[in-house]
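Structure record follows, encoded as structure tokens.
Counting starts at 1 for both ligands and their atoms, in listed order.
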Amino acid sequence: MDKELSSIFVIFGGTGDLTKRKLIPAIFSLMYEEKLPENFTIVSIGRREKTNEEYREDMYESVKKFSRFSLNDELWHKFSMRIFYKNFDFTSDKVGYKDLDTFLETMDTKHLTGGKRLYYLAVAPEFFEGIIRNLKSNGMVDKANGWQRIMIEKPFGSSLETARILNHNISKLIPEENIFRIDHYLGKEMIQNILAIRFGNSLFEPLWNANYIDNIQITSNELLGVENRGGYYENAGILKDMLQNHLLQMLTMIAMEPPVDFEPESIRDEKVKVLRSLRLFTAASFKENIVRGQYGEGEVDGKKAVAYREEDRVSPLSNTDTFIALKTYIDNFRWGGVPIYIRAGKRMNTKSTEIVIQFKKLPGINYYKDFNEVVHNLLVLKIQPEEGFFFQINAKKPGSEFKMEKVQLDYCQSCKYLNDSPEAYERLLLEAIRNNSSLFTRWDELEYSWKFIESIENQFKTTLHEYPNYSAGTSGPREAIDLIEKDGRQWWNTAAD
Ligand code: BG6
């Protein structure tokens, strides 16, 4: 095992939901698969009082519930002995940082981690800057030995302006190469696979442009509502919770030019060009090309679901969007004129994230009457819950008549590699300690994605809503279907097929 990886995960927000559901189970899985060196250590920081033992017991429950591997006593013992809990108020207790540093240095000596620290900010965004300032003023991000990196959860800012200020302030404290801004979608197996499918097959890349592709669709449907995050969601809405990050990141992977190599900067250079070419919305284009929604009560997965406005910490008059559908364009040579349809919603009728590349049909030729029924070639990338992809083509139906039928060449990755796909956070944590920043967003990517979001948000302020406008457990507002049908196209609901 690479000694360079021996490090301490320092988690701010150690008692939070993300740590329990994702981070600790992910680190456990990495250990289970022997991807971590013997001497890694976890130091969690929280504002609640707890002993190491109490904290370890809590984490035991998390790993049991959320890890993809099952626990056994021996493994748990080995893992839990590497977890430590420090209780201090990281928002105000300056002395606490000094103590923490001393503690981490003791850990370095004991576990030979040599000053290598991954600080993970799993806290509300308003604390990012303060924590980084405190780390800096206590000499905790520029140690003479090892390396110190900072992983920042989303959202990075709440608007173009606040993101710029935050970035300006933290870039004075730590160099860009040590900032790892998370978009957990970049850690998903199938998002990584986009690069392999696009650049590893002679079949697709020559056709991957406006000459052959009719449109691109990105869909993210969730069954979940806002759970216990009403307070956060009220300010974020679907626009900042999903579109600004996950959905646009998926689009960059689909639409970018082939990078010169697979180095992080080469990939990010190409991704940012896509974001720069995204057509911004104006008052006129907004009206025609965006549909917004908020769920009312309904039934999801056989259970009653309350309306968004009745969720905990949500205003009964809230105008926050829980659904969006839009049509946009990437104004560059490759994609000029190809509509990009994106839709995402909470409390939908199915859980599925997929990307559909719809190819143009061959020119219709009158005397090929039997070919009237041919369907579009589709390449469908199934991101989750099922992982894989299929290619839809036309073939002759066996029999004496010359009839055509659609055939789906289907690759179910999750059937082939049962439980083998690492969780996004596993990959992200590992790549951060390996110093591979290609799975993290660079500042200019964020800046351009915020510009796009701002062009939408500016128009949001001027439009009226009659919410709720779709029932929980459905496919969203009817207008989202009209949005694409008026172009003579349709949403491909392949997850429901
Ligand atoms: C998070 C959002 O970033 O992504 C959540 O804050 C959303 O609201 C989640 O549910 C979706 O992630 P996944 O991995 O379940 O598709």
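Contact annotation for K351 and ligand 1: only side-chain heavy atoms (C-beta onward) come within less than 4.0 Å of the ligand. Residue-level proximity to ligand 1 for Y185 is carried by the side chain, the only part with a heavy atom below 4.0 angstrom.
Using modelled atom types and a 3.5 Å distance limit, the side chains of R489 and Y341 yield a donor-acceptor pair.
Protein heavy atom nearest atom 10 (O) of ligand 1, with residue, atom name and distance: E222 OE1, 2.6 Å.
Shown in contact with K346 at under 4.0 Å from a heavy atom are these atoms of ligand 1, numbered in order with element: 5 (C), 7 (C), 8 (O), 10 (O). Numbered from 1 in the order shown, with element, the atoms of ligand 1 that lie under 4.0 Å from a heavy atom of K154 read 1 (C), 2 (C), 3 (O), 6 (O). Taking every non-hydrogen atom of H184 and a distance limit under 4.0 Å, the qualifying atoms of ligand 1 come out as 1 (C), 3 (O), 4 (O), 12 (O), 13 (P), 14 (O).
Heavy-atom separations between D241 and ligand 1 include at least one value shorter than 4.0 Å.
Across the listed options K22, K188, K240, H246, H246 owns the non-hydrogen atom lying nearest to atom 4 (O) of ligand 1.
Inter-residue side-chain proximity for E426 and E33 is flagged as met; some heavy-atom pair is nearer than 4.5 Å. A 4.5 Å side-chain heavy-atom check between K273 and D444 finds every atom pair outside the cut-off.
The only option from Y55, F28, W76 that meets the ring pair (Phe, Tyr, Trp, His ring centres under 6.0 Å) definition with Y60 turns out to be W76.
Taking the ring axis of W147 as reference, the NZ or CZ atom of R117 does not stay both within 45° of it and closer than 6.0 Å to the ring centre.
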Under the salt bridge (charged side-chain N to carboxylate O under 4.0 Å, His left out) rule, what do E257 and R334 come out as? Steps first, then yes or no, please. CA-CA 8 Å; E257 293 301 314; R334 184 184 284 262; 2.8 Å; yes

